[in-house]
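The basis for the numbers below is simple: all heavy atoms, side chains too, and nothing from hydrogens, waters or symmetry mates.
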Amino acid sequence: MRRLLDRLDRAFFAEAPAERLAIVRLLVGGFALVYLCVRAVHLQRVGHLPPESFRPVGVISVLSAPLPLWAVRGLIGAAIAAGAAFVAGYRFRIAGPLFGALLLWVLSYRNSWGMVFHTENLLVLHVIALSLGAAADAYSLDARRAGAPPAPDGRYGWPLRLLCAITVTSYFIAGITKLRNSGLDWAMSDILRNYVAYDNVRKIALGDTHSPLGGALVRYPFLFPPLALASLAMELGAPLALFSRRVAVVFCSAAWLFHLGVLLTMAILFPYPLLGIAFAGFFELEKMRDLRRPRRAGPA
């Protein structure tokens with residue numbers, strides 16, 4: 001058991017270059033910042049909703065009544081400012097955790113007024129994980145003051161491993177939920193087909209954006225059991241991506257195709273994984289610079 005724990009410890013705290021973690025910070029933080037800016041008007045509109053619509057979820061459960069509109073707007077503005085510092089890597093030891101906390105609060109507050117946007121969960125958890133590590137020791141304003149870039153170290157590896165663990169856990173939980181709700185009938189029956197049909201009919205009735213492709217495909221029942229089985233296999237097999245780089249590539253590709261399928265058949269957009277940013281922690285992104293550098297010609 002001790003030997004196993006030692007191996008797990010070495011794997012979780014495996015050395016990684018500061019540049020790799022910094023690139024992930026730029027990608028994840030940049031997406032979160034743009035997401036906040038794009039949705040800022042929508043996020044503050046909850047301040048105009050009737051107080052009886054307030055149903056606090058998550059960290060917002062500490063409130064017994066809605067916040068005044070000025071406080072809602074102030075917190076959104078503070079989250080955007082902290083997000084800018086997070087991306088720039090400025091005073092990261094303070095700005096990092098502050099942005100993680102404000103992002104969690106602002107998005108949870110919006111979700112306390114109606115539909116819970118579970119598409120945001122993975123993004124928030126990734127930002128919090130990055131905020132706890134030394135993600136600004138390269139490609140940042142803090143790094144410019146520090147001087148020479150640091151050598152690869154375990155302190156740059158564990159936040160990446162944590163990001164990956166959070167990612168595979170989220171998909172694994174989705175697979176377990178399917179089994180608990182439907183059992184193997186999820187992959188052996190018309191459950192997925194009926195869900196696609198229901199989702200599109202509901203959206204048509206409400207005048208919302210729907211998927212003509214999804215409506216057309218439900219006419220072919222034989223298509224859906226293989227798709228349901230593939231999605232279940234991807235989700236239940238997600239933890240294996242932590243132990244093999246090749247498996248990680250297969251998992252990330254399958255998860256990306258899954259979200260593309262959801263977009264095409266139900267018009268449900270998961271921008272964070274579809275842009276590939278949700279899977280950035282699995283890859284050695286710092287090596288992309290070497291691919292862009294022109295190779296010097298050798299001696300004649």
Report summary line: Value for CG (Leu242) from SG (Cys164), rounded to nearest 0.5 Å, stands at 6.5 Å
Query raised in the report: Hey, what do you get for CG (Leu263) to CZ (Phe258), rounding to the nearest 0.5 Å?
Result: 12.0 Å
Just so I know, are the side chains of [X] and [Y] near enough to count as touching, which here means a heavy-atom distance under 4.5 Å?
X	Y	value
Arg20	Pro152	no
Cys37	Leu33	yes
Val249	Phe283	yes
Phe224	Asp190	no
Asp199	Ile268	yes
Thr119	Leu269	no
Phe86	Arg91	no

Parallel under 30°, tilted from 30 to 60°, perpendicular over 60°: which one fits the rings of [X] and [Y]?
X	Y	answer
Phe222	Tyr220	perpendicular
Phe251	Tyr171	perpendicular
Trp105	Tyr109	parallel

**Report entry** Listed once per pair and sorted, the salt bridge (charged side-chain N to carboxylate O under 4.0 Å, His left out) pairs that draw on residues 239-256, sequence neighbours left out
**Finding:** Arg245-Glu284
Query - Test ring pair (Phe, Tyr, Trp, His ring centres under 6.0 Å) applied to Trp256 and Phe279, step by step - result: CA-CA 9 Å; Trp256 185 85; Phe279 312 113; 9.2 Å; no
Query raised in the report: Just by modelled atom types, is the Val57 backbone N or O under 3.5 Å from a matching donor or acceptor in the Ser112 side chain?
Result: yes
**Report entry** Asp153 side chain to Glu15 backbone, donor-acceptor under 3.5 Å
**Finding:** no
Query raised in the report: Which pair of non-hydrogen atoms, one from Ala82 and one from Leu102, has the smallest distance, and what is that distance?
Result: CB-CD1, 4.1 Å
Requested in this report: Could you tell me which non-hydrogen atom of His126 sits nearest to which non-hydrogen atom of Ile166, and how far apart they are?
Outcome: CD2-CG2, 4.1 Å
Query raised in the report: Do you see a donor-acceptor pair shorter than 3.5 Å between the side chains of Tyr156 and Glu19?
Result: no
**Report entry** Side-chain donor-acceptor contact under 3.5 Å, Arg202 with His210
**Finding:** no
Requested in this report: Could you walk me through whether Tyr272 and Glu120 pass the side chain to side chain donor-acceptor pair (under 3.5 Å) test, one step at a time?
Outcome: CA-CA 8 Å; Tyr272 188 54; Glu120 301 167 341; over 6 Å; no
